[in-house]
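Heads up: the structure comes next, in structure tokens.
Values in this document were obtained by computation on a predicted structure and should not be read as measured data. Heavy atoms only: backbone and side chains are in, while hydrogens, waters and symmetry mates are out. Just follow the structure's listing: the first ligand is 1, and inside any ligand the first atom is 1.
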Amino acid sequence: MERIEHRACFGGWQDVYRHRSSVLDSNVQFAVYLPPQAASKAVPVLYWLSGLTCTEQNFITKSGAQRYAAEHGVALVVPDTSPRGEDVADADSYDMGKGAGFYLNATMAPWSRHYRMYDYIVSELPAWIEEHFPVTDARAISGHSMGGHGALTIALKNPGRYRSVSAFSPIVAPSQVPWGEKAFSAYLGNDRETWKAYDATELVKTATQKLPLLIDQGDADEFLHTQLRPELFKAAADAAAYPITLRMQPGYDHSYYFVASFIGEHMAHHAKALLFPLSPSGHAGRAHGCARL
Ligand SMILES: N[C@@H](CCC(=O)N[C@@H](CS)C(=O)NCC(=O)O)C(=O)O
């Protein structure tokens, strides 16, 4: 593993690393923010999954999340959105191939050789992080757009692995919208039954663990009615008695200006679950009496 960026930030360190992923059969970069608390103890981790066209850079340079991570004592881990490299298959469009891994394990050629972002995010990356950095195994997951789809599906499919989940402007029903139909046809093939394994609106119907789940969505988002359609997920969650918080935020679009505006509230949502998890009696953090949260 090679460290390629190292910058002081809100009393901690914003670093970028490159490593060899055996799951992706590719060299990839990821960003890690270590808050000041990590100098003296292991801290919990929020995984952030970015959207179409992004690398590990977009979130760390645009969201301002480090300020809140430092306040709460939570590390941030921000992977790339696809495998990278000369030998990795790509497409001419921004919504397929590099920068558009959709957090799934592709089964169709030519994608299946490298495009295994699901296994990378669920297994290989956290194992790597927990071996090499001062972190605990308390994990939360969040993301934006395609990354919101990744966060929701990965949390719903892996009970016990995450303490909380959130998303900004997520693709919640990829099987029913053009971005998802295009990507899933190519990566998974035309049998729509196989798509259900990566569709949050399908997965919520049978989810066994009910995590604290927060979604923020701008009502001026240019992709709201064509690609995102959060009402589909809300209806499925309500039918399954899975409590979610979906907030429509007036005036906000699909950009990182929106993410930056609410990332502090998402960090508080995750910090509450990571630092004061539910006791067996179900009283979240009451004994600790943390007024800030
Ligand atoms: N029209 C956009 C579609 C892609 C897009 O909006 N990407 C979002 C995630 S779905 C993003 O985070 N872009 C990078 C950024 O804003 O920093 C483009 O072609 O770049």
When you measure from atom 1 (N) of ligand 1 to every protein heavy atom, which one gives the shortest distance, and what is it?
-> Phe223 CZ, 4.2 Å
Atom 20 (O) of ligand 1: the protein heavy-atom neighbour that sits closest, reported with distance to 0.1 Å | Thr53 CG2, 3.8 Å
Quick one: sort the His254 and Phe223 rings into parallel, tilted or perpendicular, breaks at 30° and 60°.
-> perpendicular
Return the residue, atom name and 0.1 Å-rounded distance of the protein heavy atom closest to atom 10 (S) of ligand 1.
-> Ser145 OG, 3.1 Å
Under 4.0 angstrom from ligand 1, any heavy atom of Cys54?
-> yes
Please name the pair of heavy atoms, one in Leu49 and one in Ile141, separated by the smallest distance, quoted to 0.1 Å.
-> CD1-CD1, 4.0 Å
Evaluate salt bridge (charged side-chain N to carboxylate O under 4.0 Å, His left out) for Glu124 paired with Arg20, printing each intermediate quantity in order.
-> CA-CA 11 Å; Glu124 187 181 26; Arg20 179 81 199 163; over 6 Å; no
Under 4.0 Å to a heavy atom of Lys62 - the qualifying atoms of ligand 1, by number = 15 (C), 16 (O), 17 (O)
Is it true that a side-chain atom of Arg161 and a backbone atom of Val122 form a donor plus acceptor pair closer than 3.5 Å?
-> yes
Identify, for atom 14 (C) of ligand 1, the protein heavy atom at the shortest distance, and state residue, atom and that distance.
-> Asn58 ND2, 3.3 Å
Nearest heavy-atom pair of Phe258 and Ser169: which atoms, and what distance?
-> CE2-OG, 3.4 Å
Please state whether His254 comes within less than 4.0 angstrom of ligand 1, counting heavy atoms only.
-> yes
Go through ligand 1 atom by atom and flag the ones less than 4.0 Å from a non-hydrogen atom of Tyr256.
-> 12 (O), 15 (C), 16 (O), 17 (O)
Protein residue, atom and distance nearest to atom 7 (N) of ligand 1, heavy-atom basis = Leu52 O, 3.0 Å
For atom 3 (C) of ligand 1, grab the closest protein heavy atom and report residue, atom and distance to one decimal in Å.
-> Tyr94 CE1, 3.6 Å
Output for pair (Asp80 CG, Ser21 OG), nearest 0.5 Å, gives 11.0 Å
Looking only at heavy atoms, what is the nearest atom pair of Tyr115 and Asp90, with distance?
-> OH-CA, 4.5 Å
Any atoms of ligand 1 less than 4.0 Å from a non-hydrogen atom of Gly51? List them with their elements.
-> 9 (C)
Taking the inter-plane angle between the rings of His149 and Phe184 on a 0 to 90° scale, is it parallel (under 30°), tilted (30 to 60°) or perpendicular (over 60°)?
-> tilted
